[in-house]
Amino acid sequence: MKRMSLTEEVCMSRGEPTQVRKDAPIELPSPEARTAPSDISVLMIEDDMTYYRWVWALLNDCAELTFTLHHASSLADATLMLTDHAPDVILLDMNLPDSSGLDTLLNIKEEAAGIPIIILTASDDREVGLKSVSVGAQDFLVKQRLTGDALTWCIRYAIERYKTEQSRLRTAAIQDFTAALAHDLRTPMIGADYLLDVLLMGALGQVSAQQIPALEQLKQSNSKQLKLVQKLLEIYRYEAAGTETHIRRPIDLERLLGDCILEWNAFAAHAAPIELEVESSIPPIDGDESALLMLFGSLIENAIKFGDKDGKIKIQVTAFHGEINVHVHNFGDPISEDMQKRLFQNFWQGLPGKRSVPNTGLGLYLSQRIAALHGGKIRCSSTEKHGTTFSVVLPS
């Protein structure tokens, strides 16, 4: 964009800015005369040409960024422009010759889906500005208090915040779809699990010795997939509902971990032995028992899968400065520092060609969410000499 002084007059049609002399007739720029693409494309919908020129000068004086300012003086003009051109951001005066008030914003939103909108309002219309934000505008600026820094900052902030909001909405939509799919899959999978049990017990007729291994393998596979579906539903529960839906009560952590160990000893009879060491006088913690069972069960499962079967798994519980630390330790192949940084990401399964983490990456991600919703955190340390330790820190 060509630099100019505030005293120079600028005119804009539906294309790019054109500099003119005071005594020269205003001519519209041809498409061929348009300037090269700028860093940020701005559509200003404003019928006051004096104010438009002021905004043009403010943007032109910005040293950090380059702007291309497009102009429309009415709702009809803006609608036509938006059919051919999608700017990065819209500056909107809601009082136009052919529309006024919030109706202007709603009409522009309909035509400009996916484009952040900043409202330009008079100093005595701050309530209108606040209402516009409540119905979808990214921000509003008071015309009489406008400065170059405030304008450029507001434009950059509106664009970035809008991108963040759209990303959040896409993530929420994916989570809703995943939860709906998992919910629909769970019922037939539970039914299949029950039917396989009935078949293996011979309740529907004698099963041959050759059929039993196949049925057992099918049941194991179905149970594995059912567990995955249940994890997906739990993740959705924690992401969507937050802490208010979880029943909290004082929990004896030694008893809870003991129950968890008994369950895994029965499930993985040939796994490494699990040893529990609890410091004396550990206070109860306030938490959701079923969620914490899931958290520590996931860590024990990882230790069994990736630990040294000839060694042992050790769980230590200590108290320090109002916090309770639970360390789940095992020996096995160490986890690199690069992998440790990504262990708790959703659906992360390890680096190509390197040691993987549990099948879908959901278990550790869910563990991290459960710890966070209890006001705690989880971390991993791993070296070849000292083995691998997952540590959960919870408020006592």
Side-chain angles (χ1 to χ4, degrees), residues 175 182 226-268 271 274-279 282-307 313-320 322-330 335 340 342-349 357-382 388-396:
Q175 289 176 338
L226 180 58
K227 187 175 182 181
L228 169 61
V229 166
Q230 290 169 337
K231 278 186 179 179
L232 286 170
L233 289 172
E234 284 297 327
I235 285 175
Y236 179 79
R237 176 186 174 215
Y238 278 88
E239 294 288 2
T243 59
E244 64 275 7
T245 61
H246 302 286
I247 301 173
R248 289 173 176 257
R249 62 182 182 84
I251 296 173
D252 181 344
L253 203 54
E254 183 173 6
R255 178 194 60 78
L256 183 140
L257 289 169
D259 291 344
C260 210
I261 291 171
L262 286 174
E263 180 180 345
W264 276 101
N265 280 336
F267 182 78
I274 304 173
E275 177 184 312
L276 176 62
E277 181 182 298
V278 181
E279 192 177 84
I282 292 291
I285 63 170
D286 184 36
D288 183 321
E289 183 163 342
S290 63
L292 291 173
L293 280 169
M294 192 177 303
L295 162 59
F296 295 117
S298 180
L299 296 184
I300 293 173
E301 179 184 10
N302 283 345
I304 291 173
K305 283 185 177 181
F306 301 107
I313 298 167
K314 187 172 184 179
I315 302 175
Q316 288 182 302
V317 184
T318 60
F320 185 72
E323 294 179 334
I324 294 178
N325 298 268
V326 181
H327 307 286
V328 181
H329 176 268
N330 69 277
I335 304 172
Q340 290 177 41
R342 298 185 175 99
L343 281 174
F344 303 103
Q345 294 177 7
N346 203 359
F347 295 107
W348 189 76
Q349 301 182 53
V357 293
N359 302 325
T360 59
L362 291 176
L364 289 177
Y365 174 76
L366 180 56
S367 298
Q368 182 267 338
R369 292 296 300 135
I370 293 173
L373 289 171
H374 281 80
K377 54 190 175 183
I378 183 171
R379 57 179 178 264
C380 171
S381 63
S382 182
T388 299
T389 302
F390 284 89
S391 300
V392 180
V393 181
L394 297 170
S396 60

Exercise. Is the shortest heavy-atom distance from the side chain of N325 to the side chain of V317 under 4.5 Å?
Worked result: no
For this session: List for me each residue that meets ring pair (Phe, Tyr, Trp, His ring centres under 6.0 Å) alongside H327, sequence neighbours excluded, and say none if there are none.
Result: none
Problem set entry | Distance in Å, F296 CZ paired with E263 CD, rounded so as to fall on 0.5 Å steps | 14.0 Å
Problem set entry | Rounded distance [0.5 Å steps], OG1 in T318 versus CD1 in I282 | 6.5 Å
For this session: Using a 4.5 Å cut-off on heavy atoms from C-beta on, say whether the side chain of V393 contacts that of I378.
Result: no
Problem set entry | Close side-chain approach of W264 to I313, heavy-atom, < 4.5 Å | no
Problem set entry | Partners meeting side-chain contact (heavy atoms from CB on, under 4.5 Å) with P283 (sequence neighbours left out) | I324, S396
For this session: State, with a plain yes or no, whether a side-chain heavy atom of M294 is found less than 4.5 Å away from one of I370.
Result: yes
Exercise. Looking at side-chain heavy atoms only, is the closest gap between V328 and T389 below 4.5 Å?
Worked result: no
Exercise. From Q368 CD over to F390 CZ, what is the distance, rounded to the nearest 0.5 angstrom?
Worked result: 12.5 Å
Problem set entry | With sequence neighbours excluded, residues passing salt bridge (Lys or Arg N to Asp or Glu O under 4.0 Å) with E277 | K314
For this session: Check whether any side-chain heavy atom of I315 sits under 4.5 Å from a side-chain heavy atom of I300, and report yes or no.
Result: yes
Exercise. Looking at residues at least two apart in the chain, or sitting in another chain, which of them share a salt bridge (Lys or Arg N to Asp or Glu O under 4.0 Å) with R255?
Worked result: D259, E289
Problem set entry | Test item: I251 and P284 side chains (from C-beta on) under 4.5 Å apart, heavy atoms | no
Seminar exercise, completed: Taken to the nearest 0.5 Å, the spacing of L394 CG from L292 CG works out to 6.5 Å
For this session: Report yes or no: does H374 contribute a side-chain atom to a donor-acceptor pair with the main-chain N or O of P395 at less than 3.5 Å?
Result: no
Seminar exercise, completed: To the nearest 0.5 Å, atom CG of L262 lies from atom CD1 of I274 at 9.5 Å
For this session: Could you tell me whether the side chain of C380 reaches within less than 4.5 Å of the side chain of I335, counting heavy atoms only?
Result: yes
Exercise. Partners of E275 by salt bridge (Lys or Arg N to Asp or Glu O under 4.0 Å), sequence neighbours excluded?
Worked result: K312
For this session: Mind checking salt bridge (Lys or Arg N to Asp or Glu O under 4.0 Å) for D286 and listing every partner two or more places apart, or none if nothing turns up?
Result: none
Exercise. How long is the span from the OG atom in S298 to the CG atom in L293, to the nearest 0.5 Å?
Worked result: 12.5 Å
